[in-house]
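Data first, discussion second: the structure below is written as structure tokens.
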Amino acid sequence: MLTIPGKIPVMIHPFFWLFAAIIGFLNSGGNLGIAFLWIVIVFFSILIHEYGHAVTALLFGKKPTITLVSLGGVTSYEPGGLSCFRQFLIVLNGPIAGFLLALGCYFLLYLDTLLPSFLVVALRLTAFINVFWTVVNLLPILPLDGGQLLRLLLEAWFGVRGVRAALALSMVLALGVSVWLFFQGLALAGMLLLLLLFENYQAWKVSSYIAESDGRASWKNRLVQAEELLFAGNTPRALEEFLEIRRGTKEGLIFAEASQYAGLLLYKEGRRKEAYDLLFPIHTALKGEARKVLHELAYEEENDRLVAELSSACFQEYPRAEVALITAKAYGRLGQGRFAGGWLKTAAKLGEIDVQSIAKDDAFAKVKGKQDFENFLKPS
């Protein structure tokens with residue numbers, strides 16, 4: 001990744017250039033010069049847009065960083081310490097910067113009719129790209145700037161319920177706009193909107209955990225401090241802090257995050273039942289290692305329906321024999337022979353497992369002799 005140092009560091013992911021090249025090629029009509037011009041203007045325009053966010057954040061005492069990624073740019077800075085109004089201005093000034101760039105291009109075109117032809121083409125293209133992107137980016141769909149502005153307004157008026165409302169409105173609008181784009185023959189743009197719809201749906205599911213405590217800087221800062229203790233290797237103190245955060249918040253995303261950290265630490269200490277008791281209530285919010293750990297602990301606690309619920313997502317993240325074997329045994333105890341046999345065969349393909357021997361385990365007692373299970377035990 002290319003990094004441009006400075007007061008506002010700029011990091012450019014290689015996929016950004018690929019994305020810009022694809023845009024240039026699709027709009028160049030096969031002219032390499034025009035394609036290159038598109039790449040340069042896309043880079044310059046997105047950078048100006050992100051500087052609109054970043055300079056505003058810098059004026060408010062933050063230390064922003066710009067990252068150009070495949071589908072645009074992201075300006076990030078340390079959270080907390082900003083009023084809703086200042087956050088609103090940081091978000092708004094990105095589109096404003098792009099709009100001012102477009103106005104500047106139109107002004108130069110109006111001011112001087114004797115400009116070189118290549119510069120006229122570049123100015124017109126820059127103006128078009130920035131007007132188009134500013135309008136699209138102001139659509140009230142998360143994570144676009146318009147969606148962020150909507151979220152901030154609703155959050156200011158309705159608190160944490162406003163966040164869920166913003167996500168719900170984003171889903172409805174993303175679906176509506178994507179359908180319209182498909183009818184206009186703009187399939188690629190329609191697919192991008194469907195991706196935003198899926199992202200908002202995932203965020204909406206997680207947002208069910210949002211509580212009033214998530215809006216308090218004191219709990220956010222305390223969670224960050226606990227994470228710093230963990231990363232510094234002070235595990236006992238970190239665990240104590242995560243458990244204290246859980247007791248203080250009682251619900252919400254910070255509660256879920258602290259529970260996840262604490263559950264993993266307890267699991268690593270061998271306190272498996274305690275880990276299960278922390279992770280089970282937040283199982284729909286878990287991912288990665290925490291989900292895999294709960295998948296294992298749920299089997300030990302004979303919560304086989306939870307094992308089955310977690311199995312697909314867990315296996316996608318960890319396609320390993322032990323994950324498949326635990327799932328097979330859970331389905332066996334549930335008496336579902338077809339799923340038990342399928343997962344057992346998957347485990348055998350991924351590891352050195354004797355299916356015939358494993359099938360004698362007591363976990364498969366309910367499915368032994370059932371045709372849908374026995375079919376999987378036959379040699380391929």
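More than 12 heavy atoms of other residues, nucleotides or ligands shown are found within 6.0 angstrom of CZ on F60. Crowding of F85 atom CZ: a count of heavy atoms from other residues, nucleotides or ligands under 6.0 Å not exceeding 12. For F99, the CZ atom counts as loosely surrounded, since its 6.0 Å shell holds 12 or fewer non-hydrogen atoms of other residues, nucleotides or ligands.
We find that E289 and K292 are not joined by a salt bridge, their nearest charged nitrogen and carboxylate oxygen being 4.0 Å or further apart. Remark: R305 does not engage E309 in a salt bridge, criterion side-chain N to carboxylate O under 4.0 Å. Salt-bridge formation is not detected for the pair E301/R272: no Lys NZ or Arg NE/NH1/NH2 atom is positioned less than 4.0 Å from an Asp or Glu carboxylate oxygen. Using a cutoff of 4.0 Å between basic side-chain nitrogens and carboxylate oxygens, E317 and R291 are scored as salt-bridged.
Side-chain heavy-atom separations under 4.5 angstrom define the hydrophobic clusters, and the remaining members of the one that includes Y331 are F315, Y318, V323, L334, F339, W343, L350. I326 belongs to a hydrophobic cluster whose other members, connected by ILVMFWY side-chain contacts under 4.5 Å either directly or through intermediates, are Y299, V307.
Ring geometry for F242 against Y261 counts as parallel: the plane angle stays under 30°, on a 0 to 90° scale with 60° as the upper cut.
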With side chain to side chain contact (heavy atoms under 4.5 Å, CB included) as the criterion, how do L286 and Q260 come out once you've worked through the C-alpha distance, each side chain's angles and the decisive distance to 0.1 Å? CA-CA 7 Å; L286 297 180; Q260 182 167 306; 3.2 Å; yes
Stepwise, does the side chain to side chain contact (heavy atoms under 4.5 Å, CB included) test hold for V293 with L279? CA-CA 9 Å; V293 165; L279 296 176; 4.0 Å; yes
Would you check, one step at a time, whether the test side chain to side chain contact (heavy atoms under 4.5 Å, CB included) holds for L149 with L138? CA-CA 9 Å; L149 295 173; L138 284 174; 4.1 Å; yes
Evaluate side chain to side chain contact (heavy atoms under 4.5 Å, CB included) for V367 paired with R338, printing each intermediate quantity in order. CA-CA 9 Å; V367 295; R338 183 165 65 90; over 6 Å; no
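Paired with L152 under the rule side-chain contact (heavy atoms from CB on, under 4.5 Å), one option of L89, I90, V91 passes, and it is V91. The salt bridge (Lys or Arg N to Asp or Glu O under 4.0 Å) test with D304 is passed by exactly one of K329, K366, R333: R333.
Proximity of a side-chain donor or acceptor of K7 to a complementary backbone N or O of K63 within less than 3.5 Å is not detected. Looking only at distances, a side-chain donor or acceptor of N200 sits under 3.5 Å from a matching main-chain atom of L196. Side chain of N303 to backbone of L306: a donor-acceptor contact under 3.5 angstrom is found. Judged by distance alone, the side chain of S178 and the main-chain N or O of L175 form a donor-acceptor pair under 3.5 Å. No donor-acceptor distance shorter than 3.5 angstrom exists from the side chain of H53 to the backbone of E50, with no hydrogens or angles considered.
Under 3.5 Å, the side chains of N137 and H49 contain a donor-acceptor pair of N or O atoms. There is no side-chain donor-acceptor pair under 3.5 Å between Q225 and R222. Between the side chains of T327 and H295, at least one donor-acceptor pair of N or O atoms lies under 3.5 Å.
Residues P9 and I66 have side chains not in contact (no heavy-atom distance under 4.5 Å, counting atoms from C-beta outward). Residues L167 and Y201 fail the side-chain proximity criterion, which asks for heavy atoms closer than 4.5 Å. Side-chain contact between I41 and W38 is absent, with no heavy atoms from C-beta onward closer than 4.5 Å. Inter-residue side-chain proximity for W17 and I12 is flagged as met; some heavy-atom pair is nearer than 4.5 Å.
Of all the heavy atoms in A54 and I8, the pair that sits closest is CB-CG2, 3.7 Å. Between V131 and A102, the shortest heavy-atom contact is CG2-CB, 3.7 Å. For K370 against G335, the heavy-atom pair with the smallest separation is NZ-O, 3.1 Å. Nearest heavy atom pair, residue Y276 against residue L297, reads N-CD1, 3.7 Å.
For F16 and H13, the ring centers are positioned 6.0 Å apart or more.
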